[in-house]
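Have a look at the structure below before the remarks.
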Amino acid sequence: MRIFTEGDSEHVQDRERRRRLNLHQKVLGAKSVTILGGGLLGVELASVSREMGKEVYLVEGSDRLLNFMTRESSDFALRELREMGVHVILKEKVEGIEKNKVKTNNMEIESDVVVSSIGFKGPSLIQELGLTNTNGRMVVDEYLRSVDYDDVFGAGDSATMKKFVPMSAQVAVQAGNVAMRNMIGASEEPFQYKQYAVIAKVNGKYFGDLMVDS
């Protein structure tokens with residue numbers, strides 16, 4: 001049996017550090033930035049980029065930012081970003097990217113740098129093995145089992161499910177524990193994540209949701 005986790009490849013961490021350094025250098029030298037995806041990463045990156053004096057466009061396909069958080073948190077993030085001068089564009093589907101131009105279903109946005117914050121890419125090994133994947137992340141069922149093989153499991157940034165699962169460290173740890181128990185036969189349990197808290201920072205202000213057991 002084999003279990004894939006977010007640190008499965010020995011080169012993943014070095015690759016991620018290089019990617020972040022390269023992105024940082026590009027943003028530093030840019031006058032304008034377009035960010036795709038209104039999740040935690042996109043929202044915080046938009047805030048930081050604006051604080052650096054960049055013209056910032058934040059494009060989100062749904063009708064609100066941070067759509068896995070409460071409406072109150074979503075509205076707070078939207079209000080703060082717009083007060084900072086960020087161009088927040090909601091309900092726009094990205095249809096293509098050509099060099100530094102983003103094409104949506106209704107407009108074109110041109111900027112010096114385009115950043116996609118729509119999910120992390122999984123380790124290259126998953127694609128090399130020919131496993132069914134989305135953006136390099138192995139597609140798993142509710143038991144975190146590969147849809148291709150009964151004895152292959154995944155968790156963290158190496159796996160993705162059909163239903164929404166937040167990409168956070170606490171959820172990845174929970175998934176790893178469940179995947180391991182299912183793999184060794186200690187249990188046969190579907191994965192149900194529990195997000196204890198979600199904290200974000202926008203315009204120098206921390207905010208978030210705290211989940212309390214009823």
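Residues take their numbers from the sequence shown, with the count starting at 1.
To the nearest 0.5 Å, the span separating OH on Y143 from OG on S187 amounts to 10.5 Å. Put simply, OG1 on T70 and CG on L210 are 11.0 Å apart, with the number rounded to the nearest 0.5 Å. The OG atom of S47 lies 9.5 Å from the CD1 atom of I35; values are rounded to the nearest 0.5 Å. Rounded to the nearest 0.5 angstrom, I97 CD1 and T104 OG1 are separated by 11.5 Å. The CD1 atom of I109 lies 13.0 Å from the NZ atom of K103; values are rounded to the nearest 0.5 Å. Expressed to the nearest 0.5 Å, how far OG of S124 lies from CG of L129 amounts to 9.5 Å.
Closest heavy-atom contact between A172 and G156: CB-CA, 3.8 Å. Of all the heavy atoms in L58 and A46, the pair that sits closest is CD2-CB, 4.2 Å. Considering every non-hydrogen atom in both I126 and M138, the closest pair reads CD1-N, 3.7 Å. Listed here is the closest heavy atom pair of T160 and R137: CG2-O, 3.6 Å. D209 approaches S73 most closely through the heavy-atom pair OD1-OG, 2.7 Å. For V202 against M84, the heavy-atom pair with the smallest separation is CG1-SD, 4.4 Å.
A continuous path of ILVMFWY side-chain contacts below 4.5 Å connects F153 to I184, so both sit in one hydrophobic cluster. One hydrophobic cluster holds both L90 and L45 under the rule that ILVMFWY side chains link at heavy-atom gaps under 4.5 Å. Each of M161 and V139 belongs to its own hydrophobic cluster when Ile, Leu, Val, Met, Phe, Trp and Tyr are linked at side-chain heavy-atom distances under 4.5 angstrom.
Counting only distance, with no hydrogens or angles, the side chain of N100 and the backbone of E110 share no donor-acceptor pair below 3.5 Å. Within the 3.5 Å criterion, the main-chain N or O of K194 finds a donor-acceptor partner in the side chain of Q174. Panel note: side chain K54, backbone V27; a donor-acceptor pair is recorded below 3.5 Å. In this structure, E44 contributes its side chain and K201 its backbone to a donor-acceptor pair below 3.5 Å. Using modelled atom types, one side-chain atom of S117 and one backbone atom of G37 make a donor-acceptor pair closer than 3.5 Å. A donor-acceptor contact shorter than 3.5 Å links the side chain of Q170 to the backbone of A197.
Judged as a ring pair (Phe, Tyr, Trp, His ring centres under 6.0 Å), and not counting sequence neighbours, F191 has no contacts.
Looking only at side-chain heavy atoms (C-beta outward), Q127 and N133 come within less than 4.5 Å of each other. Within the 4.5 Å cutoff, the side chain of V113 has no heavy atoms near those of the S32 side chain. M52 has its side chain within reach of L28: a pair of non-hydrogen atoms, C-beta onward, lies under 4.5 Å apart. Counting heavy atoms from C-beta on, the side chains of E60 and V88 never come closer than 4.5 Å. Within the 4.5 Å cutoff, the side chain of L131 has heavy atoms near those of the S146 side chain. The side-chain heavy atoms of V59 and L36, taken from C-beta on, include a pair separated by under 4.5 Å. Residues S74 and L66 meet the side-chain proximity criterion, which asks for heavy atoms closer than 4.5 Å. The side-chain heavy atoms of I89 and M107, taken from C-beta on, include a pair separated by under 4.5 Å.
Using the six-membered ring where Trp is involved, F76 and F207 have ring planes that are tilted, between 30° and 60° apart.
When only modelled atom types and interatomic distance are considered, N106 and E92 share a side-chain donor-acceptor pair under 3.5 Å.
Sparse packing is recorded around CD of E98, with 12 or fewer heavy atoms of other residues, nucleotides or ligands lying under 6.0 Å away. Enclosure of atom NZ in K31 is not indicated, since only 12 or fewer non-hydrogen atoms of other residues, nucleotides or ligands lie within 6.0 angstrom. Residue E83 places its CD atom among more than 12 non-hydrogen atoms of other residues, nucleotides or ligands, all under 6.0 Å distant.
A salt bridge does not link R50 to E80: none of the charged nitrogens lies less than 4.0 Å from a carboxylate oxygen.
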